[in-house]
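Input: a single structure, listed below in structure tokens.
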Protein chains: 2
Amino acid sequence: MPRRSAAEALQTRSAIVERSVAVASVDGLDGLTIGRVAGELHMSKAGVLGHFGTKEGLQLAALEAAVGTFTHEVWEPAAGATPGRPRLLAVADGWLSYLERDVFPGGCFVTAAACEFDDRPGPVREALARHQARWLRALAADARVALRAGDLPRATDPADVAFGLNAVAMGVNQARRLLADPEATARGWRAMRALLHAPRARRRTGV
Amino acid sequence: MPRRSAAEALQTRSAIVERSVAVASVDGLDGLTIGRVAGELHMSKAGVLGHFGTKEGLQLAALEAAVGTFTHEVWEPAAGATPGRPRLLAVADGWLSYLERDVFPGGCFVTAAACEFDDRPGPVREALARHQARWLRALAADARVALRAGDLPRATDPADVAFGLNAVAMGVNQARRLLADPEATARGWRAMRALLHAPRARRRTGV
DNA sequence: CCTACCGATCGGTAGG
DNA sequence: CCTACCGATCGGTAGG
């Protein structure tokens with residue numbers, strides 16, 4: 001098998017995935033159809049399907065790519081910060097920036113996919129749940145570090161902090177996409193900052 | 001036109017709407033198909049379509065019904081409470097209860113629909129935006145009353161409170177549906193209570 | 001509210 | 001990676 005052919009196949013494959021992510025971020029993973037992707041890339045349906053076997057395979061590939069983008073855009077810029085509260089603040093910053101820059105044409109891909117598949121059993125839902133749980137665990141781990149460093153109120157549940165940051169991000173996404181609220185990012189930042197408030201002065205027991 | 005016929009038609013119509021809401025809460029407003037609803041009700045597609053004209057008409061009817069249910073389940077039980085902070089706490093309570101009782105088989109219908117259509121121009125998106133904006137305005141109005149009564153910190157933006165409550169509700173919905181987090185409701189309650197925190201120092205989160 | 005039907009598109013396969 | 005094709009289903013219409 002000639003080398004060039006395999007390299008070209010990989011290139012075709014990433015073009016399909018890239019296009020699929022764009023389509024699915026607007027019309028959902030279900031609105032992602034093989035025929036549409038094929039048409040937009042000037043390929044045959046069989047040519048597209050050959051790379052993934054089934055529509056579900058294409059959906060999973062698109063999801064993995066989108067998670068990679070999220071990690072690259074939100075986690076990686078913050079990863080080098082000091083673990084604990086400083087890094088959580090850096091993540092918050094990157095997260096809001098990621099939402100504001102409309103990295104995906106249809107808003108946060110992962111949020112949209114999670115909404116769409118949270119009640120439909122199958123590999124797509126499982127992959128979403130796995131990624132989401134991993135992300136929340138990472139946030140909670142940093143919250144635990146912050147807690148031990150005395151950077152969060154003593155009674156704070158680290159998982160509550162992770163839950164709260166994620167909820168705010170979903171809220172910002174909705175406020176931007178559905179309501180076009182120009183204050184969305186600012187509200188998100190105030191809410192995230194409140195979740196990551198230092199324990200002195202205005203002391204609070206919950207999150 | 002005989003009376004009985006018209007009454008039966010209305011009854012048929014509500015059966016269609018009811019079934020459509022159930023289907024769409026799991027599979028989305030796009031996954032709602034005329035053929036499926038017809039099949040489940042042992043009707044013809046034309047019989048279903050006759051009541052709404054187009055698929056979009058059916059989607060809008062399902063959405064209106066779901067908004068009515070939300071209002072009935074979340075707003076009405078709290079409506080009689082004292083406007084301001086007490087009523088916001090009652091709404092928070094009803095909202096979490098509504099999520100926990102799985103009033104719709106596929107989780108919060110409005111959240112799911114908003115996620116699905118927030119990037120798709122058209123009447124469905126407009127109806128969603130209108131209802132969402134109205135709900136947030138109602139919450140913000142009560143936050144404003146609370147603020148004037150001295151029940152919220154002086155620098156609070158009432159719209160931020162509305163934004164925060166909505167974000168937490170979305171977070172609870174996701175934590176329940178996608179992650180099956182048994183702590184979801186408790187986290188939501190702690191987060192909402194924090195948003196509605198009394199302003200004085202050394203105040204407990206309860207009240 | 002039905003039957004009967006329309007063109008379009010769906011996911012997927014056969015065979016090359 | 002293509003052409004050619006499959007049965008199923010889509011939203012919607014005609015006519016009653």
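Note that the structure is predicted; figures quoted are calculated from it, not measured. Letters go in sequence order (proteins before strands), and every chain restarts at 1.
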Inset, instruction - Nearest whole angstrom, please: distance from the P of dC2(C) to the CG of Leu41(B). - result: 10 Å
Legend entry - For atom CZ of Arg36(A) and atom C1' of dG11(C), their distance in whole Å: 16 Å
Legend entry - Contact under 4.0 Å: Thr12(B) side-chain N or O vs dC1(C) OP1/OP2: yes
Inset, instruction - Please tell me which of Ile34(A) and Ile16(B) maps to the more 5' nucleotide of DNA chain C, matching each residue to the nucleotide holding its nearest heavy atom. - result: Ile16(B)
Inset, instruction - Would you kindly give the CG-to-P distance between Asp30(B) and dT9(C), to the nearest whole Å? - result: 15 Å
Legend entry - Approximate separation, where rounding is to 0.5 Å, of Leu32(A) CG and Arg19(A) CZ: 11.5 Å
Inset, instruction - Taking the side chain as every heavy atom from C-beta outward, state whether Asp93(A) and Met192(A) have any atom pair closer than 4.5 Å. - result: no
Legend entry - Watson-Crick or G-U counterpart of dT9(C), or none if no pair lies under 3.5 Å: dA8(D)
Legend entry - Rounded distance (Å) that lies between atom C1' of dC2(D) and atom CE of Met43(A): 10 Å
Inset, instruction - Quickly work out the His42(B) NE2 to dC1(C) C1' distance and round it to whole Å. - result: 16 Å
Legend entry - Within 6.0 Å of CD in Glu18(A), more than 12 heavy atoms from elsewhere: no
Inset, instruction - Whole angstrom is fine here: how far is it from CZ in Phe52(A) over to C1' in dT13(C)? - result: 18 Å
Legend entry - Phe109(B)/Phe70(B) aromatic ring centres below 6.0 Å: no
Inset, instruction - For Gln11(B) and dC1(C), give me the distance from atom CD to atom C1', rounded to whole Å. - result: 15 Å
Inset, instruction - For Leu49(B), report the nucleic acid contact type (base, sugar-phosphate, nothing); a contact means any heavy atom under 4.0 Å. - result: base
Inset, instruction - Tell me what Thr33(A) touches on the nucleic acid: a base, only sugar-phosphate, or nothing, going by heavy atoms under 4.0 Å. - result: sugar-phosphate
Inset, instruction - Counting heavy atoms from C-beta on, name the nucleotide in dC2(C), dC1(D), dG12(D) closest to the side chain of His51(A). - result: dC1(D)
Inset, instruction - Nearest whole angstrom, please: distance from the C1' of dC10(C) to the CG of Asp27(A). - result: 15 Å
Legend entry - Pair assignment for dG15(C), Watson-Crick or G-U wobble, requiring both distances under 3.5 Å: dC2(D)
Inset, instruction - Between Leu32(A) and Gly50(B), just flag the one whose closest nucleotide in DNA chain C comes earlier from the 5' side. - result: Gly50(B)
Inset, instruction - Keeping the roles fixed (side chain from Arg87(A), backbone from Thr82(A)), state whether a donor-acceptor pair exists under 3.5 Å. - result: no
Inset, instruction - Go through dT3(D), dG12(C), dG12(D) for me and flag the one nearest to the Lys55(A) side chain. - result: dG12(C)
Inset, instruction - Classify the side chain of Lys45(B) versus the base of dG11(D) as yes if they form a donor-acceptor pair under 3.5 Å and no if they do not. - result: yes
Inset, instruction - Output the single nucleotide from dT3(D), dG12(D), dT3(C) whose closest atom is nearest the side chain of Ala46(A). - result: dT3(D)
